[in-house]
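Please read the structure below before turning to the comments.
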Amino acid sequence: MNGIHTQAPERMCGPASTTGTHAMLLFGTGTDCYLSNLPKFAAPHHFQVLLAVELDDRARDALAADRATGYDGLHTFVPGEFAMTELDPRRGQVRETLPGTLFRGHVRRGGTPVAADVVAGIRRVIYFDDLDPGTRRGHELLTHLCFGEPGRLYLAHRICRKPSFDQIVAVELVPGTVTDLLGEDEAPRAVEAIGFGQAQAIILGQREFTGRRLRAGEIAVAAFPAAAAEPGFLAELAVRRQVYLEVADLG
């Protein structure tokens, strides 16, 4: 991303605390709305978190008014100070709402507030992981997280170790490419019916371009491991557009 990195004030309470002002990317459509914590490897921001949310009327009106001006860039959201562990689903009960301020642009890059005292209702926690090396879980071969409704899917780069990058892209499953994990028998599911309410960690295989970051227009083969009662499968993913990319905060 271009421009000078200007750090917004982010308060931390105590060396081991997860309490602070946690800036988040806001993205999605009028139907599906998501928040993605903008992580760092330093406390208290060392968490990769994806949330499905519902914005209140004031926030939706502010977004609509901003788009009506022709603005098509990103928006960020800064909740009031809270402990990130309040969103950890392993606690059993997670926060239900996040009151905060909506910004046009990146709050850490000179973003402009467009609506204060708005509320994001948390529909569900899609993904929650601690980036602290002492608490990391999962296999690093699972490089991306797939989530979203059928026909409206996203991939987020799964952040594992420093240095890394934060990237979210909109993708679609290519019809006629779904097979079993051996690449042989066609899986019984049609691509238009496939969606993930919880983030599905996947492995990206053969790609059209080199480099770790995905590019708009690229097609990649993805392996979706078996989950719950659903069998695993292979499918091609077409990258429609880049939603977000951040490198500096995770270098």
Original post:
Do side-chain atoms of Gln200 reach the backbone of Pro225 as a donor and acceptor pair under 3.5 angstrom?
Top reply: yes
Subject >> Under 3.5 Å side-chain donor-acceptor pair for Asp166 and His157 >> reply: no
Original post:
Taking all atoms of both residues into account, what is the closest heavy-atom pair of Val243 and Ala170, and its distance?
Top reply: CG2-N, 4.0 Å
Subject >> Ionic contact status for Asp56 with Arg58, cut-off 4.0 Å >> reply: no
Original post:
Does the side chain to side chain contact (heavy atoms under 4.5 Å, CB included) test come out yes or no for Leu74 and Arg109, once each step is laid out?
Top reply: CA-CA 12 Å; Leu74 62 84; Arg109 309 287 193 276; over 6 Å; no
Original post:
Can you name the one residue among Leu26, Ile126, Ile168 that meets side chain to side chain contact (heavy atoms under 4.5 Å, CB included) with Tyr34?
Top reply: Ile126
Subject >> Whether His45 and His22 hold their rings parallel, tilted or perpendicular, with breakpoints at 30° and 60° >> reply: perpendicular
Original post:
Distance from Thr143 atom OG1 to Ile202 atom CD1, nearest 0.5 Å?
Top reply: 6.5 Å
**OP:** Just say parallel, tilted or perpendicular for the rings of Tyr154 and Phe27, cut-offs at 30° and 60°.
**Re:** perpendicular
Subject >> Arg212 to Phe165 six-membered ring, cation-pi geometry met (6.0 Å, 45°) >> reply: no
Original post:
Within the side chain of Arg213, is there an N or O that forms a donor-acceptor pair under 3.5 Å with the backbone of Gln167?
Top reply: no
Subject >> Nearest-0.5 Å distance, NZ of residue Lys162 to NZ of residue Lys40 >> reply: 11.0 Å
Original post:
Under the 3.5 angstrom rule, does the side chain of Tyr127 hit a backbone N or O of Ala201 as a donor-acceptor pair?
Top reply: no
**OP:** Please tell me if the side chains of Leu181 and Leu234 come closer than 4.5 Å, counting only heavy atoms from C-beta onward.
**Re:** yes
Original post:
Taking the side chain from Glu236 and the backbone from Ala238, do they hold a donor-acceptor pair closer than 3.5 Å?
Top reply: no
Original post:
Rounded to the nearest 0.5 Å, how far apart are OG of Ser164 and CG of Asp249?
Top reply: 11.5 Å
Original post:
How many angstroms lie between CG in Asn37 and CG in Leu25, if you round to the nearest 0.5 Å?
Top reply: 10.5 Å
Original post:
How many angstroms lie between atom OG1 of Thr76 and atom CG of Leu35, to the nearest 0.5 angstrom?
Top reply: 10.5 Å
Original post:
Got more than 12 heavy atoms from elsewhere within 6.0 Å of CG, Asp117?
Top reply: no
Original post:
When rounded to the nearest 0.5 angstrom, what is the spacing between NE2 in His46 and CG in Leu250?
Top reply: 13.0 Å
